[in-house]
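Proteins get letters first, then strands, A, B, ... in listed order; numbering begins at 1 in each.
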Amino acid sequence: MNFDRNKATRIWTTACRIPKGRVSSYGFIADLAGLPGRARMVGKVLHYAPEEMCVPWQRIVKSNGQIAFAAGSKSAQLQSSLLHDDGVIVFNNRVSLKRYFWKPDFAELMAMEY
DNA sequence: GTATTGACTTCAT
DNA sequence: AATGAAGCCAATA
């Protein structure tokens, strides 16, 4: 798998900023990582995220709050479980963005723009 | 080189 | 709320 390691690292580190108990979307993370329009790449890259980086991939969901995996699939169940550990309620394979969507504060946004 | 494929998003029904 | 089409872009084939 030869993907762009540099971009991948940006995505991983960006994902690591999502605090416990919050979620974000693929597109939003792509934007923060400086890669607008590459939501699909975020998903691909998260799949390759090394274990030792402890990337909280479970906190990334679709823009409508649904988990990206098919309901009932092994991955979806695992993600739901991990989110539950974070204190996030998962219902019908989705979470409430109203309650959990991560809004980075101003200082964090500034630290990112590069 | 073109075609297909996604852990996606948005808009229109 | 649910579907579907079109757009998206890097990776694969």
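Taking atom OH of residue A/Tyr26 and atom P of nucleotide C/dC8, one finds them 21 Å apart after rounding to whole Å. Rounded to an integer number of Å, the gap from A/Asn64 CG to C/dT3 P is 13 Å. Spacing between atom CD1 of A/Ile11 and atom P of B/dA7 amounts to 14 Å, rounded to whole angstrom units. Rounded to an integer number of Å, the gap from A/Ile18 CD1 to B/dA7 C1' is 13 Å. Taking atom CG of A/Asp4 as the reference point, atom C1' of C/dT12 lies 16 Å away to the nearest angstrom. Between the CG atom of A/Leu35 and the P atom of B/dC8 there is a distance of 16 Å, rounded to whole Å. Rounded to whole Å, atom C1' of C/dC9 lies 14 Å from atom CG of A/Asp31. One can place CG of A/Asn93 at 16 Å from C1' of C/dA1, the figure rounded to the nearest angstrom.
Between A/Arg94 and A/Pro36, it is A/Arg94 whose nearest contact on DNA chain C lies nearer the 5' terminus.
To the nearest 0.5 angstrom, A/Leu97 atom CG is 10.0 Å from A/Gln66 atom CD. Distance check, rounded to the nearest 0.5 Å: CD1 of A/Ile29 to CZ of A/Arg38 gives 15.0 Å.
The environment of A/Glu52 atom CD is dense: over 12 non-hydrogen atoms of other residues, nucleotides or ligands sit within 6.0 angstrom.
Contact annotation: A/Ser25 side-chain N/O to B/dT9 OP1/OP2 distance is under 4.0 Å. In this structure, A/Arg38 reaches the C/dA10 phosphate: one of its side-chain N or O atoms is under 4.0 Å from OP1 or OP2.
Side-chain contact between A/Phe28 and A/Pro104 is present, with heavy atoms from C-beta onward closer than 4.5 Å. Proximity of A/Val88 to A/Leu82: side-chain heavy atoms (C-beta onward) are nowhere separated by under 4.5 Å.
Minimum atom distance to the side chain of A/Tyr48 is reached by C/dT12, of the listed B/dA7, B/dC8, C/dT12. Residue A/Arg40 places its side chain closer to B/dC8 than to any other of C/dA11, B/dT10, B/dC8. Side-chain proximity of A/Met41 to the nucleotides B/dG6, C/dA11, B/dA7 is greatest for C/dA11. Considering only side-chain atoms of A/Ala68, the nucleotide from B/dT10, C/dA11, B/dC8 that sits closest is B/dC8.
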